[in-house]
Structures are given as C-alpha cells and as structure tokens.
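The structure under discussion appears below in the form of structure tokens.
Chain letters run A, B, ... following the sequence lines, proteins first, then strands; residues in each count from 1. Scope of the values below: all heavy atoms of this structure, side chains included, with no hydrogens, waters or symmetry mates.
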Protein chains: 2
Amino acid sequence: MLEDVLGCKWSLHVLQLVRSGICRPGAMERAVPGLTAKVLNERLVKLVRFGVLDKAVFAEVPPRVEYRLTAFGESFVGLLDQIAALESQRSGA
Amino acid sequence: MLEDVLGCKWSLHVLQLVRSGICRPGAMERAVPGLTAKVLNERLVKLVRFGVLDKAVFAEVPPRVEYRLTAFGESFVGLLDQIAALESQRSGA
DNA sequence: CAGTATCCAGACCGATACTG
DNA sequence: CAGTATCGGTCTGGATACTG
C-alpha cells in the first residue's frame, strides 16, 4: 500500500493539500502546477480506497466534492511528516 | 527523496533484507525472487546516496560487500514500520 | 465542476552480456 | 562476486476530449 500511495510523486502533494484545506479537486488542480485531473483522480480514488481519505459529495449544483483525511489518514500523514523532518534534519543540519 | 526511495517497489524489500541481516548483494538477489542485480544496485546506490545505507567494501578475494543501515536509516525504517503497523491495524482489526 | 475514456510518449523494469 | 552498460517490453503518467 505504501508502494501504491508513494509510487506516484503527486500523492504527497495531494495529502499536503488536503491537510492545508485544499480539499476540492478543482482547487487542487489549480494549486499544483503539472497536476492533471486524471492523475489527481487516480490518486484520490486510491487514497479513498486505502482509507486515507474520505469523500464527501454534495448533491448541489454546481456539483461539489470535498476530500478529508480519515483518522487513519491523519496518523499516516503524521508519520510521513516525521520522515520529512528526519530527512531535513539529516541534510539540513 | 521519499519519492525516490518508494518510487520503486523493491526498495522496501531491500531495506527489510538489510535489517534482517541479508546485507550482501548476492544474497539479496537470491532472497528476493524477481529482483535482478541491476535494479538491486540502482536501489542500493540511491539508498547510499540518501544516507540510508552504508556500504562496506572488503578488499578480499572473492570480493565482498556489505550494506548496513546508518543511524538515519534506522530511524527511517522505524517510521516505515510504524506506518506498516498502522496499516495492518486498520485493515486487520 | 467532477469524473472518465482514449491516445501517446517517456520512464522504468527486467534480461543479457561484459568488466574488475 | 560485485558492478555497469545496453537493449527491449511494459506500465504509468500526461494531454485531450467527452459525459453527468
């Protein structure tokens, strides 16, 4: 699963975005240069399948969708953060 | 860097191997079906470059090489373990 | 606006052969 | 035995177009 989530360079960005409140596909697409709807969706779907994200669909018009971190997802990105911290600690300090 | 390490499906296996004492290329190749010398080496080199592994070359004949986890590497795999634990906890329980 | 299908190019993996 | 170079197949990402 780690493989699947991190096998794509965008996954981390997506997770980061959701965490910073950018939880709508359109906004994400605009926020990350180079990220296309297709890839974004692939990631989103997988993240949801893995229980990292939750999908909330609002039956409105225009359609609105929001993604949120699940409890599992929170822990998950937390660990990821620790790794990032470890890394910057190594290369930076 | 996370990207680079996990962008390959073998990286985790390699790390796991080193941790379990299988630290020589030949042994690794034999231990993991489907893993070829080329890919193994690519991973090893990158892992060393990132400071996750340490390479020890023995000037013997036949040539012997051993890879070990650095302090950074230890912390790194530790975090990876926590993620794995989190995951099994999620799907298993 | 969200999501999907199609097409194409590029990257990566895997096999083989060769050097030290 | 360790490591590198080359070549070919495959899989994935990226761009475009279309549907709900």
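- The shortest side-chain heavy-atom distance between B:Leu69 and B:Val52 falls under the 4.5 Å cut-off.
- Separating the CG atom of B:Leu40 from the C1' atom of C:dC13 is a distance of 13 Å, rounded to the nearest angstrom.
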In residues 22-29 of chain B, what donor-acceptor pairs under 3.5 Å come from side-chain atoms, sequence neighbours left out?
none

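- Within residues 52-66 of chain A, the residues having any heavy atom closer than 4.0 Å to DNA chain C are, in order of number, A:Lys55, A:Pro63, A:Val65.
- Of the candidates D:dG14, D:dC1, C:dC1, the closest approach to any side-chain atom of A:Arg24 belongs to C:dC1.
- Taking atom CD of residue A:Glu42 and atom C1' of nucleotide C:dA2, one finds them 15 Å apart after rounding to whole Å.
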Below 3.5 Å between N/O atoms, which protein atoms pair up with nucleotides 4-8 of chain D? Just atom names and distances, please.
{"residue": "D:dT4", "atom": "OP2", "partner": "B:Asn41", "partner atom": "OD1", "Å": "3.3"}

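- Rounding to the nearest 0.5 Å places CG of B:Leu86 at 11.5 Å from CD of A:Glu74.
- With pairs defined as Watson-Crick or G-U wobble and both atom distances under 3.5 Å, the stems of at least three pairs that touch DNA chain D come out as C:1-20 with D:1-20.
- Within the model, atoms OG of A:Ser11 and CG of A:Leu44 stand 10.0 Å from one another, a figure rounded to the nearest 0.5 Å.
- Distance B:Leu35 CG to D:dG3 P: 13 Å, rounded to the nearest Å.
- Contact check for A:Phe76 versus A:Val5: side-chain heavy atoms found under the 4.5 Å cut-off.
- Pairs passing the ring pair (Phe, Tyr, Trp, His ring centres under 6.0 Å) check and including a residue from residues 7-63 of chain B, sequence neighbours excluded, read B:Trp10-B:His13.
- The distance from atom CE of B:Met28 to atom P of D:dC1 is 15 Å, rounded to the nearest whole Å.
- Inter-residue side-chain proximity for B:Leu15 and B:Leu47 is flagged as met; some heavy-atom pair is nearer than 4.5 Å.
- Near DNA chain D, meaning a heavy atom under 4.0 Å from it, residues 7-23 of chain B has no residue at all.
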- Message: Walk me through whether A:Asp4 and A:Arg49 qualify under salt bridge (Lys or Arg N to Asp or Glu O under 4.0 Å).
- Response: CA-CA 11 Å; A:Asp4 210 333; A:Arg49 279 182 61 86; over 6 Å; no
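- Side chain of B:Thr36, nearest nucleotide from D:dC1, C:dA15, C:dA2: C:dA15.
- The distance between atom CZ of B:Arg43 and atom C1' of C:dC13, rounded to the nearest whole Å, is 10 Å.
- Annotation: the span from B:Leu53 atom CG to B:Arg68 atom CZ amounts to 11.0 Å, rounded to 0.5 Å.
- In this structure, A:Leu79 CG and B:Glu87 CD are separated by 11.5 Å, a value rounded to the nearest 0.5 Å.
- At least one side-chain heavy atom of A:Tyr67 sits under 4.5 Å from a side-chain heavy atom of A:Val48.
- A:Arg90 is not listed as a side-chain neighbour of B:Thr70, based on a closest heavy-atom distance of 4.5 Å or more.
- Rounding to whole angstrom units, CD of residue A:Glu3 and P of D:dC11 are separated by 15 Å.
- Between the CD atom of A:Glu29 and the P atom of C:dG3 there is a distance of 11 Å, given to the nearest Å.
- Within the 4.5 Å cutoff, the side chain of B:Lys46 has no heavy atoms near those of the B:Val14 side chain.
- The interatomic distance linking A:Leu6 (CG) with C:dC12 (C1') rounds to 17 Å, in whole Å.
- In this structure, CD1 on A:Ile83 lies 7.5 Å from CG on B:Leu6, to the nearest 0.5 angstrom.
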